[in-house]
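Labels below follow one simple rule: chain letters A, B, ... track the order of the sequence lines, proteins then strands, and each chain is numbered from 1.
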Amino acid sequence: MTIWAATDWYAFFFLLFALLACGFAAAVLFTSNIVRMAFYLTLSLGATAGLFFLAGAEFVGVMQLMIYVGGTLVLLVFGVMLTARAPFLSLRPRSGEWIVSLIAGGTLLFLLIASAFGVRNWRTASDSGPLPLAEAQTATAVGAGLTGVRVDRLNRDAAGHALSQLPHTDSGYLLPFVIVSVHLLVVLVGAAYLARAKVRRRSATESTASVEG
Amino acid sequence: MVRERFPDQVRYASCVEHVIESAAVAEFLVHTLSLPAPLAYLLAALIHCGFILGLVAAGAVVFIWAERKVSGRIQDRLGPTRTGGKFGWLQSPADGIKVLAKEDLIPRAADRLLFRAAPYVSFSSSFTAYLALPFADGWVAFDTNVAVFFILAVLGLEVFGVILAGYASGSKWSLFGAMREAAQVVSYEVPLGICVVIPVLLTGTMNLTTIANMQAGWCSNWLIFHDPFTFAVFWIYATCALASVNRAPFDLAEAESELVAGFMTEYSGMRWSLFFMAEYSSMLLVSCLAVILFFGGWHGPIPVFDWLGWAYPGGASSWQLTGFLANLAGCVNFITKAVIGVTVMLWIRWTLPRLRIDQVMTMCLKYCVPLAAICFIGALWWQVAGWWSPNHWLPLRPDGPGGMRETWVVAPEAACGEVARRLPWADSAPPHGAARRTLPGCGLAGPPAGWRTGSPAAARGGVQ
Amino acid sequence: MSIINDPRVVEFNIRTDEMLINMGPQHPSTHGVLRLVLRTDGEVVLGAAPHIGYLHRCAEKIGENLAPRQWVPYTDRMDYLASMNMNLGWALVVEKLLQLEVPEKGRHLRVLVAELNRIASHLVAMGTYGLDLGSFTPFLYAFREREKILDLFEQVCGARLTYSYIVPGGVTGDLPQGWLQNCAQFLQELEPVVDDYHALLTSNAIFIKRTAGVGVLPGEMAVNYGCTGPVLRGSGIDQDLRRDGEPWYTSLYDGYQFAVIVQKEGHYPQDHDYPAVPAEAVLGDCWHRFYVRMLEVVQSMDIVRQALDKYAAAAGDCGTPIKLNHKLPPGEAYLETEAPKGQMGFYLVTDGSAIPWRVRARSSCFANVSVTSELCRGCLLADVPAIVGSLDIVLGEIDR
Amino acid sequence: MCGLLAQITVSHYLVVGAVLFVTGVLCMATKRNALGVLMGIELLLNGANVNFVAFGSKLLRADALGLDGQLIPLFVIVLAAAEAAVALAIALNFYNNHTTVDVDKAEELKG
């Protein structure tokens with residue numbers, strides 16, 4: 001029973017997802033088979049979504065699953081399948097590249113980790129303690145933020161009711177949202193144009209001849 | 001509650017409560033059986049998982065049997081009659097044993113790792129989606145306020161298993177099936193998403209429990225009858241859901257007359273049956289989702305339990321037998337509706353020929369997406385204009401017409417005047433009649449705490 | 001016509017590998033052991049080459065070692081879905097060689113069973129076509145009615161598939177008592193069911209989408225490839241050996257009223273209320289081939305009704321089968337008959353002994369399947385089963 | 001659990017983010033397949049997202065960044081999707097013109 005009592009489930013789940021995310025990220029790095037890379041990447045990003053859930057960012061987590069894993073990666077896999085000819089299936093980097101990049105990467109990693117633990121505020125929970133998760137459900141706030149209302153910036157009374165209006169200069173994330181929407185549209189049109197199927201037609205006689213072969 | 005009783009465990013409890021929303025069960029275990037809290041939470045989580053896994057597995061078993069019987073009846077034959085007595089009801093277990101006993105073949109050309117992993121990817125994603133699916137008021141493993149989104153996202157991951165299976169099999173037929181499935185599922189996610197957004201739009205929340213509870217009362221209160229556009233969009237949803245779970249006439253990925261068995265060609269034994277279970281469980285899942293989004297969830301066509309006064313009041317936290325019974329009946333009601341949906345899928349499968357891949361795509365991009373978009377705008381317009389809907393004259397719930405349907409407009413206005421004032425169409429003063437429950441984290445009002453009994457005028461105030 | 005249907009478009013921008021795919025000989029939708037080697041670019045089929053011979057059983061060579069009467073069971077196994085018609089073709093050619101006339105009653109009996117078997121064959125064609133398009137239910141509906149025909153045949157000759165009933169000189173036995181009533185009753189039952197078939201397939205929107213405009217076989221090409229039967233008539237060529245054949249064969253149908261099922265001036269001869277030709281359908285496409293078969297079911301039902309009356313009215317016997325040691329006069333004979341799948345011809349050369357010197361069969365399906373590569377060029381992968389299914393081939397007849 | 005994990009703080013998330021980021025950088029550096037490079041970018045962006053979410057999480061610290069910490073990852077995800085679409089189109093075009101996806105062979109500016 002004591003082992004149960006001693007287990008911090010939050011840490012357990014964090015560790016689980018963190019190890020999955022990092023482990024599969026490493027697997028992406030070290031495998032040379034492009035399809036397996038895509039598979040590991042899926043799992044890594046999925047585990048990251050789990051981390052987002054743990055951190056209370058549900059909406060981001062689901063977005064990650066939906067757009068990243070379900071959309072972007074499927075797109076990637078499509079690309080992989082379209083170009084997956086045997087010689088490109090596993091292109092190995094040269095060993096010199098490996099050494100250089102591992103040294104550089106190791107240094108970078110060391111720096112990043114050192115700085116991650118370097119700031120006291122990051123290392124510790126604040127004195128007031130964290131908010132209970134039930135109050136950190138933020139989907140509505142995120143939605144409101146995207147439509148131009150920062151509900152988290154409202155002045156509240158003790159009971160949590162909104163007291164005053166927001167300054168009219170604060171439009172939340174409305175503008176970036178609109179820009180990103182337009183950007184996405186442009187990008188999709190552009191991508192479709194770039195990769196469009198250009199059709200070469202052959203004459204009727206040529207086509208009959210070619211199909212016999 | 002947990003928080004107050006275990007002040008030292010606040011953080012951990014709230015997290016676990018979040019990850020596996022089994023507080024009620026855990027509480028029961030802690031207080032009645034006096035188990036240590038972490039163990040209780042683990043047990044509660046396992047119980048939840050067990051329930052869902054059981055539901056998925058039992059669902060698959062029942063549906064495989066039902067598929068045989070239904071197809072038999074449709075085709076003027078009997079279906080299984082002998083295995084296990086009268087109706088061949090042991091046919092599925094018998095099949096299961098047969099499948100278990102089969103040799104698990106892996107082709108030499110296969111990518112062994114991915115070949116083995118693929119069925120689990122497929123199955124676990126369609127299983128995971130059940131986490132966020134409520135079966136009755138509050139009976140949900142993971143009560144998140146992005147449940148609709150979560151289910152759609154996770155369901156979309158099922159396609160990965162199929163793609164991997166197709167690629168890893170090292171067979172051309174499998175690859176064909178996988179690419180078809182990938183193209184189809186990715187395309188149909190778009191109209192499916194638009195269709196799902198419409199009920200979300202009308203109810204103002206992505207929380208499935210809330211969406212279903214807003215449709216309490218008579219069947220006139222179901223969202224499908226809310227306005228002509230929601231009625232139309234349900235059929236689009238049905239089409240897209242059928243396509244996204246790869247059922248006939250959209251079962252191109254496993255089209256046996258063209259691709260032998262598509263992505264499943266090289267699979268045998270248990271791995272094959274995992275794909276099968278994944279298919280059946282996602283069928284049930286989209287059907288459940290349709291029931292919640294359009295058919296009132298666990299709220300029956302006739303509000304019997306509201307009359308009896310058995311149902312849990314909104315926000316109730318104490319356990320009571322009558323409420324439990326009402327919930328149980330609601331759960332049965334919910335599953336019945338979902339099973340009807342699945343049966344319709346079976347019926348369609350055994351009646352219609354299969355479409356061709358280009359026709360499937362045309363249908364999605366040329367018809368489903370524009371129609372869904374039109375319905376989206378239409379439903380939005382209907383809502384904003386506050387036009388007539390059946391629940392205005394049929395008593396949709398005990399408190400009369402209007403209800404809480406309009407949270408989307410009302411709630412922000414009611415609690416946080418700021419939001420509503422910025423909305424161009426809402427220039428009236430916010431109603432302050434009803435007591436509001438604050439949505440966690442942001443100060444926006446969710447459904448009023450007493451929305452089952454709240455005054456209709458207050459609820460509808462936002463658009464009038 | 002969309003890009004993918006355009007046979008001239010051979011290359012897309014995304015450089016994908018062409019794939020060679022073996023469809024068959026073990027494939028759910030190749031009707032036996034046809035092997036199609038498909039050259040595909042993604043879903044688009046660039047070329048299809050049928051390979052045959054997986055069911056070759058040397059039937060013709062065996063025929064050179066057996067008396068004509070003994071070879072009848074081998075004809076059963078050619079088009080095993082229409083054994084009666086195969087028997088009839090062989091019996092007629094032997095009789096032609098011998099100049100042996102069958103009595104009136106035997107003539108009507110032959111028409112009766114041959115047309116019944118045509119119905120059975122077309123029912124299978126319809127059912128399996130549904131299967132090819134992914135609809136399982138019509139298959140069982142078709143087989144349900146076919147079972148009744150097989151029951152009738154079982155009463156006649158004891159066999160359900162390989163009848164060996166019609167033999168040179170006559171039939172192996174006259175009809176049993178009460179058979180005519182059973183047959184008439186069956187026709188009564190089949191009449192409404194045909195409407196079900198039309199509802200399930202012919203007028204089904206998805207079925208039309210899958211078949212109309214797919215695999216268009218122009219009449220000229222059909223003639224050039226030697227296509228016959230419903231495949232030819234589906235392309236609008238007015239040819240039916242029951243009307244246009246040799247007198248030795250057409251005399252069988254003397255006194256019978258029937259119209260050849262072919263689209264003339266945009267209309268099919270219709271004496272029933274059948275679904276109209278959809279706007280998308282092009283003459284010669286899969287839908288038309290299918291529709292011709294469906295109308296021929298009704299046509300054959302009419303002929304069977306007439307045959308029932310004529311048979312009942314005719315006096316005498318049904319003819320006497322020739323003996324095994326019946327000497328065949330030196331010479332040769334060739335006769336084509338209208339089998340359900342097309343024109344089935346038998347060729348016979350004799351040297352005066354009781355055993356033919358040479359036996360050949362002209363298979364209708366062989367000619368029909370040869371258009372596969374033409375029709376499948378530029379179609380989608382899913383169209384291949386639709387096209388092959390609409391040709392309604394039986395490999396037993398192709399490979400012999 | 002060991003002492004380091006006694007309480008999960010922002011730092012722990014940052015470590016995960018760092019690992020993802022570095023793996024992404026290494027992927028971009030070492031992979032020769034254009035799509036592998038693309039996957040490296042996705043990993044990298046994800047590492048950044050983890051950091052944002054960690055900084056924004058009120059669960060970890062009450063005085064956290066708040067909503068911004070969630071909204072920025074949303075934009076990152078959406079832009080990553082856009083980036084992937086364009087990059088994939090470029091990769092496919094490159095493949096069409098050079099019949100290879102080996103980025104080491106992409107030496108000409110002209111496509």
Side-chain angles (χ1 to χ4, degrees), chain A residues 8 10-11 14 18 21-22 25-26 28-29 34 37 41 45 48 51-52 55-57 60 63-64 67-68 71-72 75 79-80 83 88 91 93 97-98 101 105 108-109 112-113 116-117 122-126 128 130-131 133 136 138 141-142 145 152 173 176 180 183-184 187-188 191 194-195, chain D residues 1 5 7-16 18-23 25-27 29-33 35-36 38-39 42-43 46 50 53-54 56-63 66-67 70-71 73-75 77-82 84-86 88-93 95 100-102:
Chain A
D8 182 347
Y10 187 89
F14 172 80
C22 296
V28 172
L29 180 60
I34 185 79
M37 272 167 64
L41 186 62
L45 297 192
T48 316
L51 283 181
F52 291 169
V60 183
M63 276 283 272
Q64 167 103 354
I67 297 183
Y68 234 126
T72 311
L75 203 68
V80 167
T83 57
F88 316 127
L91 284 174
E97 286 178 4
W98 262 125
S101 55
L108 183 57
L109 187 64
L112 285 174
I113 290 179
F117 282 99
W122 296 349
R123 219 167 41 224
T124 55
S126 52
S128 57
L131 289 179
L133 224 157
T138 49
V142 167
D152 57 334
Y173 280 85
V180 94
H183 175 253
L184 203 55
V187 157
L188 288 183
L194 266 180
Chain D
M1 300 291 160
L5 288 168
Q7 194 174 30
I8 300 299
T9 57
V10 178
S11 294
H12 294 91
Y13 279 88
L14 295 189
V15 169
V16 177
V19 171
L20 290 180
F21 184 85
V22 171
T23 337
V25 170
L26 290 187
C27 260
T30 56
K31 296 289 171 195
R32 282 169 59 200
N33 190 323
L35 295 162
L38 204 54
M39 289 180 200
E42 308 297 342
L43 271 179
N46 238 268
V50 171
V53 167
S57 174
K58 297 258 184 194
L59 270 179
L60 299 172
R61 277 186 76 83
D63 58 348
L67 213 51
Q70 299 194 22
L71 282 161
L74 288 189
F75 288 112
I77 290 173
V78 172
L79 288 179
V86 172
L88 195 67
I90 293 173
L92 285 182
N93 242 359
Y95 175 72
T100 178
V101 281
D102 188 348

Nearest atoms (heavy-atom pairs only) where [X] meets [Y]:
X       : Y       : answer
A:Val60 : D:Gln70 : CG2-O, 3.4 Å
A:Val28 : A:Met37 : O-CG, 3.5 Å
A:Ala55 : D:Val53 : CB-CG1, 3.6 Å

Count the heavy-atom pairs under 4.5 Å between each of [options] and chain A, then report the option with the highest count.
options                            : result
D:Leu14, D:Asn46, D:Leu43          : D:Asn46
D:Val19, D:Leu38, D:Leu74, D:Val15 : D:Leu74
D:Pro73, D:Cys27, D:Ala54, D:Gly56 : D:Cys27

**Q.** Contacts of D:Tyr13 that satisfy ring pair (Phe, Tyr, Trp, His ring centres under 6.0 Å) - sequence neighbours left out
**A.**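 A:Phe14.
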Q) Has the side chain of D:Thr23 got a donor or acceptor atom that lies under 3.5 Å from a matching backbone atom of A:Ala25? A) no
Q | Among the listed options A:Ala18, A:Ser101, A:Ala21, A:Ala26, the residue most often paired with chain D at heavy-atom distances under 4.5 Å | A |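 Answer, by heavy-atom pair count under 4.5 Å with chain D: A:Ser101.
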Q. Which region of A:Leu29, side chain (C-beta onward) or backbone (N, CA, C, O), has a non-hydrogen atom less than 4.5 Å from a non-hydrogen atom of chain D, or is it both or neither?
A.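 For A:Leu29, heavy atoms of backbone and side chain both lie under 4.5 Å from chain D.
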